[in-house]
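Note: hydrogens, waters and symmetry copies are ignored here, and every other heavy atom, side chains too, is used.
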Amino acid sequence: MAMNSLQDRDTRSLQYPTRTIVRAERAMRCSPFNWQLFAAMREQSVTLGAIAGIAGIERQYVRQAQSELAAENALLWLIDVGVLRREVDGQGITDGFRLTPLGRQLVEKWQKLGGVWPTPSWSDRLYNFLSRWLRMPV
């Protein structure tokens with residue numbers, strides 16, 4: 001299995017299988033979320049309420065309004081592929097989301113490329129659909 005190395009903030013090298021990185025990038029590109037959401041999550045936890053509905057459009061986190069259920073399902077898929085994690089406080093899991101080290105590294109990679117969010121191809125959308133809904137390790 002091929003491994004790729006991405007540098008984190010502390011310049012430690014984290015090794016991820018190439019297919020893990022490809023799947024995570026594809027999931028981010030195919031998500032209903034804009035670049036601004038992931039940039040915000042790089043700095044702080046973002047709550048579901050800030051993403052869903054009109055609030056998400058006002059903050060430019062989404063292209064079109066998402067119901068809480070739709071937004072949460074999309075966020076949970078990004079958790080499954082290793083890009084996001086749920087925020088936890090002293091009381092347990094909250095409704096906030098943050099980037100994982102893999103997600104942070106992918107956002108930093110895209111920022112270095114000028115903040116260009118690549119448009120997903122039809123094959124990206126198909127593979128993401130198969131991976132997400134059939135839970136196939138594509």
Please round to the nearest 0.5 Å and tell me the distance separating atom CZ of Phe97 and atom CD1 of Ile79.
5.0 Å
Using every non-hydrogen atom in the two residues, find where Ala24 and Leu102 come nearest and quote the distance to one decimal.
CB-CD2, 3.9 Å
At their closest point, which heavy atom of Gln66 faces which heavy atom of Ala71, and how far apart are they?
CB-CB, 4.0 Å
Can you tell me if Thr20 uses its side chain to pair, donor with acceptor, with the backbone of Tyr16 under 3.5 Å?
no
Rounding to 0.5 Å, atoms CD1 (Ile57) and CZ (Arg63) come to a distance of 12.0 Å
Glu25 and Lys109, any side-chain heavy atoms less than 4.5 Å apart:
yes
Please report, to 0.1 Å, the donor-acceptor pairs under 3.5 Å made by any side chain of residues 30-41, with sequence neighbours excluded.
{"unit_1": "Ser31", "atom_1": "OG", "unit_2": "Met28", "atom_2": "O", "d": "2.9"}
{"unit_1": "Ser31", "atom_1": "OG", "unit_2": "Phe33", "atom_2": "N", "d": "3.3"}
{"unit_1": "Asn34", "atom_1": "ND2", "unit_2": "Gln60", "atom_2": "O", "d": "3.1"}
{"unit_1": "Asn34", "atom_1": "ND2", "unit_2": "Val62", "atom_2": "O", "d": "3.2"}
{"unit_1": "Gln36", "atom_1": "NE2", "unit_2": "Gln60", "atom_2": "OE1", "d": "3.4"}

Do Val46 and Tyr61 come within less than 4.5 Å of each other through their side chains, counting heavy atoms only?
yes
Pairing residues for Arg86 by the side-chain hydrogen bond (donor to acceptor under 3.5 Å, both in side chains) criterion, not counting sequence neighbours:
Glu72
Any sub-3.5 Å donor-acceptor pair from Thr100's side-chain atoms to Gly82's backbone N or O?
yes
Under 3.5 Å, is there a donor-acceptor pair between the Arg98 and Gln44 side chains?
no
Out of the candidates Leu75, Leu69, Thr94, only one should pair with Leu48 under the side chain to side chain contact (heavy atoms under 4.5 Å, CB included) rule; please name it.
Leu75
Backbone N or O of Trp77 within a donor-acceptor pair of the Asp80 side chain at under 3.5 Å?
no
Hey, quick one: are Trp122 and Leu126 part of the same hydrophobic cluster, counting side-chain heavy atoms closer than 4.5 Å, chains of contacts allowed?
no
Give a yes or no on whether the backbone of Glu87 and the side-chain of Ser45 come within a donor-acceptor separation of less than 3.5 Å.
no
Counting only heavy atoms from other residues, nucleotides and ligands, does the tally under 6.0 Å from CG of Leu113 exceed 12?
yes
To the nearest 0.5 Å, how far apart are CG in Leu130 and CZ in Arg125?
14.0 Å
May I ask you to test the Ile21-Leu106 pair for a side-chain heavy-atom distance under 4.5 Å?
yes
